[in-house]
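Working notes, beginning with the structure itself.
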2 protein chains.
Amino acid sequence: MSTPRTPLSRERVLRTAVEIADAEGVEAVTMRRLARALDAEAMSLYHHVKNKDDVLDGVVDLIVGEINEAVEKIDAPAVGAAWKPAARERILTARSIFLRHPWAPPVFANRIAVGFEVVRYHDRFVGLLHDGGFSYDLAHHALHALGSRAMGFAQELFDPGDSDASEVPPEMAAAVPNLVAMLAEVAHDDPESTLGWCDDQFEFEFGLDLILDGLDRLRPSS
Amino acid sequence: MSTPRTPLSRERVLRTAVEIADAEGVEAVTMRRLARALDAEAMSLYHHVKNKDDVLDGVVDLIVGEINEAVEKIDAPAVGAAWKPAARERILTARSIFLRHPWAPPVFANRIAVGFEVVRYHDRFVGLLHDGGFSYDLAHHALHALGSRAMGFAQELFDPGDSDASEVPPEMAAAVPNLVAMLAEVAHDDPESTLGWCDDQFEFEFGLDLILDGLDRLRPSS
DNA sequence: ACCTGAACACCGTTCAAGT
DNA sequence: ACCTGAACACCGTTCAAGT
């Protein structure tokens, strides 16, 4: 009667979690919902993952695994000044993976535990910087300066360009004259930003290049 | 018998929420816990706040209110090249407020709705940039490039300097040789980072100066 | 108007029991 | 070993009722 179910496994649980999040958002990923998608009971999951936090940690590492696969494929040796376009390409490739999982950045931001794939990504990035002439000390500062940008996404508090100058209520407009003036001048024609609450492509690249250029200037023997 | 209770109000609810978060962390801020601290029932809160999201939004704005108060106090007119030290001081002052509320950055990162104080902070910042010679267009890019740094905190994915080279397990060490080499060289003597999962002071200022310097270079008539 | 108790519809997770 | 049902201790929130 019942088809032979494929057995549960950590791998399968995590992949299913990503599928649910892609389709319905992260908030839809509950232990009960996850179990239902796997045709099992919620409590069965606990034999393959420690708890819900473990699920989210695993999901993060799964996605960074995707990123590592894509990024290490394009890897060409880059010495000296070539570090910058190489780093840029890595980062924009990483970003392209996030565009398929727009719910992921906020989840990443809230994780404390770092999995192997995240460590691996940063290891390769440090290698790239070092080949480019960075001391390990400067490479360390570079990672901090880039923050989440090193992995392809920016976390922004709010997008002042999202609103229209004409839609600011008058009593508020008087209190924030500079923003109103800015909005009047900045035509924001892109229909929507690409990574949800995050950034859009142009602003991401603007900020990225600003930092990469700054780092290049600090690079010894440049 | 019972002392005359001060009546509930949105203000009082939000202030209490901040107190609880300061003392026990944000996860302790539940409607029931909040009500108990106010000597009321959970359901009474709903007459003063719309729901829990509204509480968190309000808490964010309350803290940015603190920041605005501190930041606008130190405001000296800064035209031309003086924009940079002025922006730097604003941002580091904002940061000092966050040091009193280390639980706040992750909460900020997850909010979508932006309150008046957040808008006001950015309005003044845009004004400062404009007085410094930035076009509104460049000021807009600058806000995006700075992201949360404009308000005084950086969100980092993980701190590679947090671990010790000697404590990396051998089988992992072989897989991430660059990080091991970096950790061996980078002596991390600061006892702990200042903003929880975030950044420490030196790295924050390093990244901040990198961006401010880059922006200054793009500034017209510099 | 402001406040309340009981109840509802969810969570993640523990436990003792099944195969 | 792997899986399960019932139950526990929480959530945020609705509702009808109190003053």
Side-chain angles (χ1 to χ4, degrees), chain A residues 1-21 23-62 103 106-113 115, chain B residues 1-21 23-62 103 106-107 110-113 115:
Chain A
M1 199 57 141
S2 62
T3 57
R5 275 189 329 183
T6 47
L8 291 176
S9 71
R10 180 180 171 86
E11 171 92 9
R12 233 160 72 76
V13 170
L14 297 181
R15 292 210 177 282
T16 305
V18 171
E19 279 166 28
I20 293 174
E24 305 172 41
V26 247
E27 68 285 352
V29 179
T30 69
M31 298 304 271
R32 286 171 165 87
R33 175 80 184 72
L34 204 41
R36 186 153 51 85
L38 287 160
D39 201 18
E41 298 300 312
M43 297 66 219
S44 306
L45 303 178
Y46 286 84
H47 290 101
H48 303 94
V49 293
K50 252 176 42 193
N51 50 32
K52 172 121 192 234
D53 268 341
D54 190 34
V55 172
L56 293 178
D57 285 338
V59 157
V60 163
D61 230 41
L62 201 70
W103 49 268
V107 176
F108 272 62
N110 283 332
R111 297 287 90 197
I112 339 251
Chain B
M1 199 57 143
S2 62
T3 56
R5 272 189 330 185
T6 46
L8 291 177
S9 71
R10 180 180 170 84
E11 170 91 9
R12 233 161 71 77
V13 170
L14 298 182
R15 291 213 177 280
T16 306
V18 171
E19 277 167 28
I20 294 174
E24 305 172 40
V26 246
E27 68 284 352
V29 179
T30 69
M31 298 304 272
R32 286 170 166 88
R33 177 79 183 73
L34 205 40
R36 186 153 50 86
L38 286 160
D39 201 16
E41 296 301 309
M43 296 66 219
S44 307
L45 304 178
Y46 286 85
H47 291 100
H48 304 95
V49 294
K50 252 177 42 193
N51 49 33
K52 172 117 193 237
D53 268 342
D54 189 34
V55 171
L56 293 179
D57 284 337
V59 156
V60 163
D61 231 40
L62 201 71
W103 49 269
V107 177
N110 284 333
R111 297 287 90 197
I112 339 255

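Every heavy atom of this structure was used, including side-chain atoms; hydrogens, water molecules and symmetry mates were not. Below, chain A is the first sequence line, B the second, and so on; all start at residue 1.
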Close N/O contacts between protein and nucleotides 16-19 of chain D (under 3.5 Å):
none

Subject >> Spacing between A:D39 atom CG and D:dC2 atom P, to the nearest angstrom >> reply: 18 Å
**OP:** Mind checking side chain to side chain contact (heavy atoms under 4.5 Å, CB included) for B:E11 and listing every partner two or more places apart, or none if nothing turns up?
**Re:** B:S9, B:R15
Original post:
Shortest non-hydrogen contact from A:L8 to A:S44?
Top reply: CD1-CB, 3.8 Å
Subject >> Contact summary for A:L14 and A:V55, nearest pair of heavy atoms >> reply: CD2-O, 3.5 Å
Subject >> Between C1' of C:dA7 and CD of B:E41, the distance in whole Å >> reply: 14 Å
Original post:
Picking from C:dC11, D:dA7, C:dA6, which would you name as closest to the side chain of B:M43?
Top reply: C:dA6
Original post:
Of all residues at least two apart in sequence or in a different chain, which pass the salt bridge (charged side-chain N to carboxylate O under 4.0 Å, His left out) check with A:D61?
Top reply: none
Subject >> Those residues that, when tested against A:R32, pass side-chain hydrogen bond (donor to acceptor under 3.5 Å, both in side chains) (two or more places apart) >> reply: none
Subject >> Residues in side-chain hydrogen bond (donor to acceptor under 3.5 Å, both in side chains) contact with A:D53, at least two apart in sequence or another chain >> reply: A:R111
Original post:
Is the phosphate of D:dT14, meaning OP1 or OP2, less than 4.0 Å from a side-chain N or O of B:Y46?
Top reply: no
Subject >> Secondary structure string for DNA chain D (Watson-Crick or G-U under 3.5 angstrom, | for other-strand pairs) >> reply: .|.|||||...|||||.|.
Original post:
With A:V18, which residues qualify under side chain to side chain contact (heavy atoms under 4.5 Å, CB included), at least two apart?
Top reply: A:D22, A:V59, A:L62, A:H101, A:W103
Subject >> Distance-only donor-acceptor test (3.5 Å): side chain A:H47, base D:dC3 >> reply: yes
Original post:
In whole Å, what is the span from the CD atom of A:E27 to the P atom of C:dC10?
Top reply: 15 Å
**OP:** Kindly point out which of C:dC3, D:dT4, C:dC11 is positioned nearest to the side chain of A:A40?
**Re:** D:dT4
Original post:
Nearest of C:dG12, C:dC3, D:dG5 to any side-chain atom of A:M31?
Top reply: C:dG12
Original post:
Is there a side-chain contact between B:K52 and B:L34 (heavy atoms, below 4.5 Å)?
Top reply: no
Subject >> Nucleotide D:dG5, atom P - distance to CG of A:L45 in whole Å >> reply: 13 Å
Original post:
Once you round to the nearest 0.5 Å, how far does CG of A:N110 lie from CG of B:N110?
Top reply: 4.5 Å
**OP:** Would you tell me if any nitrogen or oxygen in the side chain of A:S44 comes within less than 4.0 Å of OP1 or OP2 on D:dT4?
**Re:** yes
Original post:
Considering all heavy atoms of both residues, which atom of A:R12 and which atom of A:P7 are nearest to each other, and what is their separation?
Top reply: NE-O, 3.0 Å
Original post:
Under the side chain to side chain contact (heavy atoms under 4.5 Å, CB included) test, which residues partner B:R33, sequence neighbours left out?
Top reply: B:I20, B:E24, B:T30, B:R36, B:A37
Original post:
Which of residues 48-61 of chain B sit near DNA chain D, with a heavy atom under 4.0 Å from it?
Top reply: B:N51, B:K52
Original post:
Of the candidate nucleotides D:dA7, C:dT4, D:dC11, which contains the atom at the shortest distance from the side chain of B:R32?
Top reply: D:dC11
